[in-house]
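Reviewing the structure listed below.
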Amino acid sequence: MSGPDATSLRNLPAVAAVLATAEVASLLERHGRAATTEAIRQVIDDARDALRLSPMEAPSATDIAQRARGLLEARMPGLRPLFNLTGTVLHTNLGRAVLAEAAVEAAVEAMRHAVALEYDLASGVRGERDNHLRSLLCELTGAEDATVVNNNAAAVLLCLNTFALGREAVVSRGELIEIGGAFRMPDIMARAGAKMIEVGTTNRTHPADYRDALNERSGLVLKVHTSNYRIQGFTAEVGARELAAIADEAGVPLLNDLGSGSLVDLSRHGLAREPTVREAVAEGARLVTFSGDKLLGGPQAGFIVGDRDLIACINRNPLKRALRVDKIRLAAIEATLNLYRDPDRLAERLPTLRFLSRSHADIEAQARRLRAAVAERIGDGFLVDVGDCHSQIGSGALPLDTLASAALSIRPLGSQRTLEHLAAALRALPRPVVGRVGDGALQLDLRCLADADEDAFLATLAHLARTP
Ligand SMILES: *Cc1c(COP(=O)(O)O)cnc(C)c1O
């Protein structure tokens, strides 16, 4: 017959024959029977397709076992660690904050052992899972009470649902934010069952706009920190202090959604000022919400701090149960918050703050230290230079403030396509390296490369197959 080579197809080994080879014993030991058999079947299927396309000799059982090994070993976990050299410190797509060692250890202990999650060790009766964080959050923010949920989106949803279900929630048109990943204030309002009442205009909102909108149907006034954009020029907004008084007059709570929200004054660490949670509480908002994994530098979480009676209402909402946080994260949050009790050593211990406050000189020195070794591993065909760049904080925090940084800037000597290939090869490494392509260069911003990770970084690069 012509076309497919019938003899070769017939000579293709069966799965059982491959499983019987000596080569496979170690695969079974490492990957188990199901995964190994599946890989062998896939290799045989691929070989069959190849034989149908062009006549050649069928691979032997040992060949197939070897290819199956390659397949099994190439299957690396999707969430394996990578090097974030994008220059965006809190990169939402790369998991936002890198946790402090203390938080990592606490999470590991909580995973490994039983913990008093909802158990009061003093009395031996049932306790509350929020109790572990309540006093810490109150101490750090000056609030009366606190609760914690899955993320800040959940915190806002829960507050709206608790106080404005079937009622009206009043918000300025200038604060109807969209955060990446489909968090849009009008949609959240609708899902919370609140009727959104927009007041003012995009650029200007006045006290009277709020006063006119408040009535007996009002459930809540919402103030949103416009964390990822700024309105400039002919603008007016009602400050939180004044708005709190207006809401109080109308007998409804003011919720101030800070978004990132910082627990410390960041200008102390050379960064632009971002409102702190303590300030927002002191300004009179009855409820303040903020994220755990933005500037705070902890795991994903959403905090609600505020008046005791309001927090009690929130905790009685059945949605709270659906949005609660597990013991692993609670342990990590507690350990992270504990670091804030010693502000002098915070930058040393909290990776987010350590990365954000690194000086240009420090990063540039690291780039100079690594340049030759990186160039050697990247191989011929590229020029590797040390250049200036700008890092971003990320996650919508302080969007207009960039941080002077330094990068290894890699330019192809030949065509631009080789740059895309190099970027792809770096992403395919056992520990992927993710940079930023722009202006004809691949920039590796070293702001988030800890000194202790330099050896691991060079070792990873050594896996690069040389571009011919
Ligand atoms: C980021 C942000 C949110 C959402 O917080 P997540 O923790 O990402 O769920 C809500 N509101 C504002 C103002 C934010 O900046």
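One-based numbering, in listed order, for ligands and for the atoms of each. These numbers come from the heavy atoms of this one structure, side chains and all, not from hydrogens, waters or symmetry mates. The structure displayed is predicted, hence computed values, not measured ones.
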Residue list, side-chain hydrogen bond (donor to acceptor under 3.5 Å, both in side chains) with Arg167, at least two apart or on another chain
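Partners of Arg167 under the side-chain hydrogen bond (donor to acceptor under 3.5 Å, both in side chains) test: none.
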Is it the case that the side chains of [Y] and [X] hold a donor-acceptor pair, with the cut-off being a distance below 3.5 Å and no angle test?
X: Thr276; Y: Ser262; value: no
X: Thr289; Y: Asp257; value: yes
X: Asn256; Y: Lys223; value: no
X: Arg191; Y: Asn161; value: no

Under 4.0 Å from ligand 1, counting heavy atoms only: the protein residues, by chain and number
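Contacting ligand 1 under 4.0 Å are Arg96, Asn151, Asn152, Ala153, Ile177, Ile179, Phe183, Val224, His225, Ser227, Asp257, Gly259, Ser291, Lys294.
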Just checking Arg211: does its CZ atom have more than 12 heavy atoms from other residues, nucleotides or ligands closer to it than 6.0 angstrom?
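More than 12 heavy atoms, drawn from other residues, nucleotides or ligands, come within 6.0 Å of this atom.
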